[in-house]
Amino acid sequence: MPVMLPDTAPQPLTVLTEEEQMFRDMVRQFAEETVRPLVMEMDRAAKIDPDLIRQLFALGLMGVEVPESMGGAESSFFTAVLVVEELSRVDPSVGVLVDVQNTLVNNCIMRYASDAQKSMYLPRLASEVVGAYALSEAGSGSDAFALMTRAAPVDGGWRLDGRKLWITSGDEAGLFVVFATVDPDAGYRGITAFLVERDSAGFTVGKKEDKLGIRASSTVELIFDDCRVAAGNVIGEVGRGYKIAIETLNEGRIGIGAQMIGLAQGALDNTIRYVREREQFGRAIAQFQGVQFQIADMRTQLEAARLMVYNSARLKDAGKPFIVEAAMAKLFSSEVAQRIASNCLDLYGGYGFTKEYPVEKLYRDAKIGTIYEGTSNMQRQTIAKYVLEG
Ligand SMILES: Cc1cc2nc3c(=O)[nH]c(=O)nc-3n(C[C@H](O)[C@H](O)[C@H](O)COP(=O)(O)OP(=O)(O)OC[C@H]3O[C@@H](n4cnc5c(N)ncnc54)[C@H](O)[C@@H]3O)c2cc1C
């Protein structure tokens, strides 16, 4: 006889609410029917189809947590994570576009911007404007707060000078969250976050990187040369940008975990179909125990990674501490995604090495997960600090 639990009993992590289920089904259908046919061409062209971006806005996927009064879907962080997972199952480049928009840019504005900034920018971010998040520079990656982009006070606002590197969605973006220092001698206490519009005087989007994976996602350099930003475009307080960056990235890396579990699921789905069809020695290769065990190991690792990602996202929504869980989820899911994509490619044999099958692309795409939003070593540093220092 089943035990009756009170309504307040914790739910299993993978049991979805009606709203979560609805979002997931809608995104899954969209990804299969609309994104999948475009994936290989977007990878080849190194560009996300602009019409696809318009559809992402129309479906409400670019403003998942944005309040309905500002044109968003007013759903949870967990829902945003599900959306990124489902899109990444089909194309991790589309996944990261939606991830940066929701978990970094919108999130940063919703948490730290003034009411005036929110009403100015959130309706546009939910409906038509792609956002980008610009922290990294050529000389400051893991050591992000060694950044050199300078913000100096001028009449009516600020003057920005410097360069940013590796900025996701920078080619498409109309709005940039930019971190600069108002006082290099003050170290991290000088760092300040600014909202910079693409048509700001003195701002240009520079070179686009030619990458191994997530090729359709643009990764660009940003150049600030006497770039003028209004006083009203500082996010939060001057000198508090480091806190904004740390806190948004703590959340953002759960989104990268979601991108990685989606990617791994996509690779596995394709491979399961393939091993059932491909015959060697007179039978489907899925009938060999050696292959079955590899599939079982991959599915088990993916389950563990998914539980870690879902738990971090649900902790965040519940207002509980989640930083170390998010670091572990990002570390583990990105390494699992690399292993699964590699193993899947092996199971395709020679065909896996060609562009005829999707695993070749997913194998290339998987590599980024251990690098951006904090490398695996940086996640280990966070985890070790919590474990050793409490
Ligand atoms: C495709 C792509 C998209 C990106 N998108 C964005 C974006 O939208 N916005 C943004 O701001 N940035 C973005 N980045 C930048 C990304 O976050 C950085 O590349 C990343 O943080 C690593 O910095 P780095 O490349 O300078 O490497 P480095 O910091 O130079 O690291 C090199 C190696 O040294 C190791 N290392 C460094 N310090 C330590 C240490 N103390 N202990 C142990 N190991 C260490 C690292 O783990 C790594 O293996 C993107 C990068 C890429 C490639």
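For ligands, and for the atoms within them, numbers begin at 1 and follow the listed sequence. Just so it is clear, the values below take in all heavy atoms, side chains as well, and ignore hydrogens, waters and symmetry mates. Predicted model only: the values in this text are computed from it and were never measured.
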Notebook entry, point to check: Are L97 and V83 grouped together when hydrophobic residues (ILVMFWY) are joined by side-chain heavy atoms under 4.5 angstrom apart?
Noted result: yes

Notebook entry, point to check: Between the side chains of N107 and T103, does any donor sit under 3.5 Å from an acceptor?
Noted result: no

Next item on the list: For atom 41 (N) of ligand 1, state whether the nearest protein heavy atom is under 4.0 Å away.
Entry: yes

Item checked: Protein heavy-atom partner closest to atom 38 (N) of ligand 1 - residue, atom, separation in Å -> M378 CE, 3.7 Å

Check: Just wondering, more than 12 heavy atoms not from D155 lying within 6.0 Å of its CG?
Finding: no

Notebook entry, point to check: Counting only non-hydrogen atoms of the protein, does one fall under 4.0 Å from atom 30 (O) of ligand 1?
Noted result: no

Margin query: Please determine whether any non-hydrogen atom of R380 lies less than 4.0 Å from an atom of ligand 1.
Written below: no

Next item on the list: Would you kindly specify which portion of V100 sits under 4.0 Å from ligand 1, judged on non-hydrogen atoms: side chain, backbone, both or neither?
Entry: neither

Checklist line | Residue Q381 vicinity, atoms of ligand 1 by number, heavy atom under 4.0 Å | finding: 41 (N)

Note to self: Please report whether ligand 1 has a polar contact with T375, defined as an N or O pair separated by less than 3.5 Å (distance criterion only).
What the structure shows: yes

Notebook entry, point to check: With sequence neighbours left out, what residues match D161 under side-chain hydrogen bond (donor to acceptor under 3.5 Å, both in side chains)?
Noted result: R159

Next item on the list: Might you work through the salt bridge (charged side-chain N to carboxylate O under 4.0 Å, His left out) test for R215 and D365, ending with a clear yes or no?
Entry: CA-CA 8 Å; R215 291 180 56 78; D365 289 350; over 6 Å; no

Next item on the list: Give yes if a backbone or side-chain nitrogen or oxygen of K211 is under 3.5 Å from a nitrogen or oxygen of ligand 1, and no if not.
Entry: no

Item checked: Verify atom 11 (O) of ligand 1: protein non-hydrogen atom under 4.0 angstrom away -> yes

Next item on the list: Is it possible for you to say whether L315 and Y386 belong to one hydrophobic cluster, with membership spreading through side-chain heavy-atom contacts below 4.5 Å?
Entry: yes

Check: So, Y133 versus E373: side-chain donor-acceptor pair below 3.5 Å or not?
Finding: no

Item checked: Linked, directly or transitively: F288 and M298 (ILVMFWY side chains, under 4.5 Å) -> yes

Notebook entry, point to check: Who's the nearest protein heavy-atom neighbour of atom 8 (O) of ligand 1, and how far?
Noted result: T168 N, 2.9 Å

Next item on the list: Please work out whether any backbone atom (N, CA, C, O) or any side-chain heavy atom from C-beta onward of L135 is under 4.0 Å from ligand 1, and answer side chain, backbone, both or neither.
Entry: both

Check: Quick one: nearest non-hydrogen protein atom to atom 27 (O) of ligand 1, plus distance?
Finding: S142 OG, 4.3 Å

Check: How close does the nearest protein non-hydrogen atom get to atom 24 (P) of ligand 1, and which residue and atom is it?
Finding: G141 CA, 3.9 Å

Margin query: Assess the residue pair Q301 and D297 against the criterion (side-chain hydrogen bond (donor to acceptor under 3.5 Å, both in side chains)); give the C-alpha distance rounded to whole Å, side-chain angles, the decisive distance to 0.1 Å, and a yes or no.
Written below: CA-CA 6 Å; Q301 289 169 19; D297 281 346; 5.6 Å; no

Check: According to a 4.5 Å side-chain heavy-atom criterion applied to Ile, Leu, Val, Met, Phe, Trp and Tyr, with indirect links allowed, do F194 and V129 form part of one hydrophobic cluster?
Finding: no

Checklist line | Heavy-atom nearest option to atom 4 (C) of ligand 1, drawn from Y133, F179, W166, F176 | finding: W166

Item checked: Contact atoms of ligand 1, heavy-atom distance to E373 under 4.0 Å -> 17 (O)

Margin query: If the test is side-chain contact (heavy atoms from CB on, under 4.5 Å), which one of V94, V35, V90 qualifies with F30?
Written below: V35

Notebook entry, point to check: Among protein heavy atoms, which sits nearest to atom 35 (C) of ligand 1, and what does the distance come to when rounded to 0.1 Å?
Noted result: N377 ND2, 4.3 Å

Note to self: Can you confirm whether some protein heavy atom lies under 4.0 Å from atom 2 (C) of ligand 1, or whether none does?
What the structure shows: yes

Margin query: I want to check something: taking the side chain as every heavy atom from C-beta on, are L16 and F23 in contact at a cut-off of under 4.5 Å?
Written below: no

Checklist line | Nearest-contact summary for atom 53 (C) of ligand 1 - protein heavy atom, Å | finding: I368 CD1, 3.5 Å

Next item on the list: Quick one: do Q101 and S169 satisfy side-chain hydrogen bond (donor to acceptor under 3.5 Å, both in side chains)? Show the steps, please.
Entry: CA-CA 9 Å; Q101 184 91 2; S169 308; over 6 Å; no

Item checked: N/O separation below 3.5 Å, S140 to ligand 1 -> no

Check: Quick one: nearest non-hydrogen protein atom to atom 20 (C) of ligand 1, plus distance?
Finding: I371 O, 3.5 Å

Checklist line | Candidate with minimal heavy-atom separation from atom 18 (C) of ligand 1, of S136, A173, A134 | finding: S136

